[in-house]
Novice: 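Please see the structure below; I have some questions.
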Amino acid sequence: MTIRSGKEHTTRYLFGQRACAADAMYAPVCSRFVTYDVALDDDAAGYSRTMMDYPYMQEWTAAAKLEPDELEELDVEF
């Protein structure tokens, strides 16, 4: 098994040419990098772009943008 590391990496994802469970776990982290405009080195930025371009991430991001900013049922006093 090859893991993505440094300039010599040849994979798009963490453990190969196809996304796996490890990539799924880091997908929300990549989303936070974009949301908070985190400065990343070239390798991390490339991986983050790969994850954000993944079709399921595109779908998830589009669905999130359709959600309301506030939910009335959560606006209650305890």
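For clarity, every value in this text was computed on a predicted model and none was experimentally measured. Residues: numbered from 1 along the sequence shown.
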Novice: Are Leu40 and Tyr47 packed together at the side-chain level, in the sense that at least one heavy-atom pair is separated by less than 4.5 angstrom?
Specialist: no
Novice: Which heavy atom of Tyr13 sits nearest a heavy atom of Arg18, and at what distance?
Specialist: CD1-C, 3.5 Å
Novice: What is the minimum heavy-atom distance between Gln17 and Arg12, and which atoms define it?
Specialist: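 Scanning both residues, the minimum pair turns out to be OE1-CG, 3.7 Å.
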Novice: Roughly how far apart are Met57 CE and Thr61 OG1, rounded to 0.5 Å?
Specialist: 4.5 Å
Novice: Mind listing the closest non-hydrogen atom pair of Trp60 and Ser31 along with its distance?
Specialist: CZ3-CB, 4.3 Å
Novice: Using atom types as modelled and distance alone, determine if a side-chain donor or acceptor of Asp23 lies under 3.5 Å from a backbone N or O of Cys20.
Specialist: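 Yes, the answer is positive, given that a donor and an acceptor are paired below the 3.5 Å cut-off.
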Novice: Just wondering, do Tyr26 and Ser48 contact through their side chains at under 4.5 Å, heavy atoms?
Specialist: no
Novice: Is Tyr36 linked to Val29 within one hydrophobic cluster, defined over Ile, Leu, Val, Met, Phe, Trp and Tyr using a side-chain heavy-atom separation of less than 4.5 Å?
Specialist: yes
Novice: Any side-chain heavy atom of Phe33 within less than 4.5 Å of one from Met52?
Specialist: no
Novice: Within the structure provided, determine whether Val38 and Arg32 are in side-chain contact (heavy-atom separation under 4.5 Å).
Specialist: no
